[in-house]
Amino acid sequence: MILKEGSSRTRGRDAQGSNIAAAKAVANAVRTTLGPKGMDKMLVDTIGDVVITNDGVTILKEMDIEHPAAKMMVEVAKTQDDEVGDGTTTAVVVAGELLKRSEYLLEQDVHPTVIAHGYRMAAEKAQTILNDLAIDIKADDIKMLKKIAETAITGKGSEVAKEKLCELVVRAVTLVADEDGTVDTDYVKVEKKVGASVDESEMIEGMIIDKERVHPGMPKLVTDATILLLNAAVEFKKTEVDAEISITSPDQLQMFLEEEEKMIRNIVDKIIASGAKVIFCQKGIDDIAQHYLAKAGVMAVRRVKKSDMEKLARATGASVVSSIDAITSDELGKAGRVEEKKVSGEEMIFVTECDNPKAVSLIIRGGTEHVVDELERAIEDALRVVSVSVEDKKFVAGGGAPEIELSLRLRDYAATVGGRAQLAIEAFASALEIIPRTLAENAGLDPIDMLVELRAAHEKKGANSKYYGIDFSTGSTADMLKAGVVEPLRVKTQAVSSAAEAAVMILRIDDVIASSSRPGEGGPSPEEMAAMGGMGGMGGMGGMPPMM
Ligand code: ADP
Ligand code: MG
């Protein structure tokens with residue numbers, strides 16, 4: 001015995017079996033949500049909060065997963081989400097199927113390292129095949145970009161206003177795209193507001209800040225606004241050390257207060273002298289300062305989030321000034337219109353008519369909290385896939401078409417490899433069929449008939465036969481390019497490679513040693529700590545001022 005008492009150890013086939021079972025369970029958990037006809041899940045957390053979603057990565061993040069191999073599957077979804085923003089369910093389902101197929105090979109006494117080797121070869125070949133299947137897209141091909149956005153949000157509770165939402169998404173991405181073709185979706189701000197119907201969602205060429213003016217005497221509307229972005233408090237500076245001032249007479253007190261006021265006035269004068277008509281301040285603004293600013297007809301907003309400051313800087317061309325002394329007219333930005341408006345009962349500041357809006361906002365409307373939350377996730381997916389397409393300039397057909405084509409071509413490739421690796425490559429090829437199979441199953445179609453039909457269509461070798469996938473409107477096969485079911489190439493390349501990596505990693509484990517007291521048990525684990533720290537970003541809390 002070299003291990004501490006209470007530690008557990010599983011080895012060999014037992015360890016493999018348990019890991020594979022756990023990974024398969026994760027894949028099964030999200031399988032029914034795949035595709036346009038997939039179902040949703042309702043997740044209830046320990047304090048009773050409800051999330052209703054169809055999004056693979058959201059489901060897995062919300063679930064309390066304990067098994068180490070299952071956690072690796074969650075990582076697959078997270079990687080996919082970080083890299084592409086879509087295809088999370090696909091990646092997890094493929095990884096689960098790869099492991100399921102490997103079980104059969106293990107039973108046939110094919111060694112795990114041989115399977116791992118074959119899977120790696122197949123994954124590499126798959127990249128080449130996918131690149132070969134990909135079609136070029138121009139960054140200004142609005143029509144195709146819209147189709148890509150539509151494919152990403154189908155089945156995510158946005159059917160009613162799909163076209164409208166996708167139009168907004170594509171316009172937003174093309175506006176924030178840089179000349180060199182890179183797109184940072186952080187510059188598209190998604191603001192959700194409950195209370196109106198989805199088709200009242202809109203895009204603002206500029207920024208929306210979920211705040212109000214600090215003082216009612218300030219103007220509600222400033223046109224041709226010169227804007228100051230300030231990351232310093234407009235307040236009387238408190239001493240850093242504890243100091244006691246003893247005041248012995250009323251006159252002294254009066255002088256003290258006047259001096260304080262004078263200092264604040266100085267700051268305000270500096271701001272006004274710079275020519276700023278609107279101030280967005282990341283920190284606080286003192287009552288007296290508010291008063292003077294209002295008197296000078298300046299609109300001021302305080303405790304603006306740092307992320308919003310960055311977007312404002314990009315939208316208006318201002319730079320964020322972090323010291324009162326550094327305020328000059330050079331640092332100011334411009335917007336044609338800054339206005340406080342009411343959106344479903346809450347005041348918001350609209351910064352619009354910017355010359356070259358390199359940051360834009362989407363206001364997502366919907367009937368209830370759960371609806372807008374799911375819409376927001378759908379919109380985030382759509383934003384990401386459109387950006388990825390603009391960046392990579394390549395897309396593929398969807399609806400199971402690439403998986404079937406991959407499967408067929410990998411089988412041909414397997415035959416050229418021979419030996420035991422051939423078995424693994426063939427298993428990999430069959431595993432990919434899980435995507436069209438599941439798409440069919442979730443839509444109530446017969447998966448076997450569908451696979452047979454799809455294979456036949458692809459083997460016909462017509463010009464477009466490789467684009468044949470499942471058409472849900474007819475329940476039969478169709479050219480997915482014509483049907484407008486298209487996805488960025490990166491969704492598929494990433495899903496295949498991360499699924500293969502996870503499967504290989506899990507396969508290669510033959511010894512699981514778990515110590516009895518894991519570091520997480522004494523207090524919150526690092527992940528839990530991170531989750532707590534990240535709470536400020538959660539919906540519903542967005543209105544709270546940042547802590548000073
Ligand atoms: P993921 O998390 O993997 O993106 P989804 O639930 O979004 O999972 O489903 C994506 C799959 O659904 C892709 O294979 C895509 O090609 C397919 N799909 C999406 N829209 C359609 C459609 N209208 N017709 C056929 N297949 C579609
Ligand atoms: Mg998707």
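The analysis underlying the following values was restricted to heavy atoms, covering all of them including side chains, and did not include hydrogens, waters or symmetry mates. Counting starts at 1 for both ligands and their atoms, in listed order. The structure presented is a predicted model; accordingly, all values stated were derived computationally and were not measured.
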Who's the nearest protein heavy-atom neighbour of [atom], and how far?
atom	answer
atom 20 (N) of ligand 1	Thr154 OG1, 3.6 Å
atom 23 (N) of ligand 1	Val485 CG2, 3.6 Å
atom 4 (O) of ligand 1	Asp86 OD1, 2.8 Å
atom 9 (O) of ligand 1	Gly35 N, 3.0 Å
atom 2 (O) of ligand 1	Thr89 OG1, 2.8 Å
atom 7 (O) of ligand 1	Lys156 NZ, 3.6 Å
atom 3 (O) of ligand 1	Thr90 OG1, 2.5 Å

Before accepting this row, confirm whether a basic side-chain N of the pair [X]/[Y] lies closer than 4.0 Å to the acidic partner's carboxylate O.
X	Y	value
Arg365	Glu202	no
Lys306	Glu310	yes
Arg377	Asp55	no
Glu426	Arg101	no
Asp373	Lys192	yes

In ligand 1, which numbered atoms sit nearer than 4.0 Å to a non-hydrogen atom of [X]?
X	value
Ile470	24 (N), 25 (C)
Gly87	1 (P), 2 (O), 3 (O), 4 (O)
Lys492	14 (O)
Phe472	24 (N), 25 (C), 26 (N)
Leu34	3 (O), 6 (O), 8 (O), 9 (O)
Thr33	6 (O)
Thr151	19 (C), 20 (N)
Gly398	16 (O)

Should Asn54 be listed as contacting ligand 1, given a heavy-atom distance under 4.0 Å as the test? yes
Picking from Asp184, Asp178, Asp186, what satisfies salt bridge (Lys or Arg N to Asp or Glu O under 4.0 Å) with Arg314? Asp178
Are any of the side-chain heavy atoms of [X] and [Y] separated by less than 4.5 Å?
X	Y	answer
Lys41	Thr32	yes
Thr90	Val491	no
Thr438	Pro447	no
Glu103	Leu99	no
Thr151	Val385	no
Ile204	Val351	no

Just to be sure I'm reading this right: ignoring hydrogens, which of Pro36, Gly38, Ala401 gets closest to atom 27 (C) of ligand 1? Compare them by their nearest heavy atoms. Pro36
Do any nitrogen or oxygen atoms of [X] lie less than 3.5 angstrom from nitrogen or oxygen atoms of ligand 1?
X	value
Leu439	no
Glu487	yes
Gly399	yes

State, without any angle test, whether Glu374 and Thr53 hold a side-chain donor-acceptor pair at a distance under 3.5 Å. yes
Among the N, O or S atoms of Asp86, which one sits nearest to the Mg ion (ligand 2)? OD1
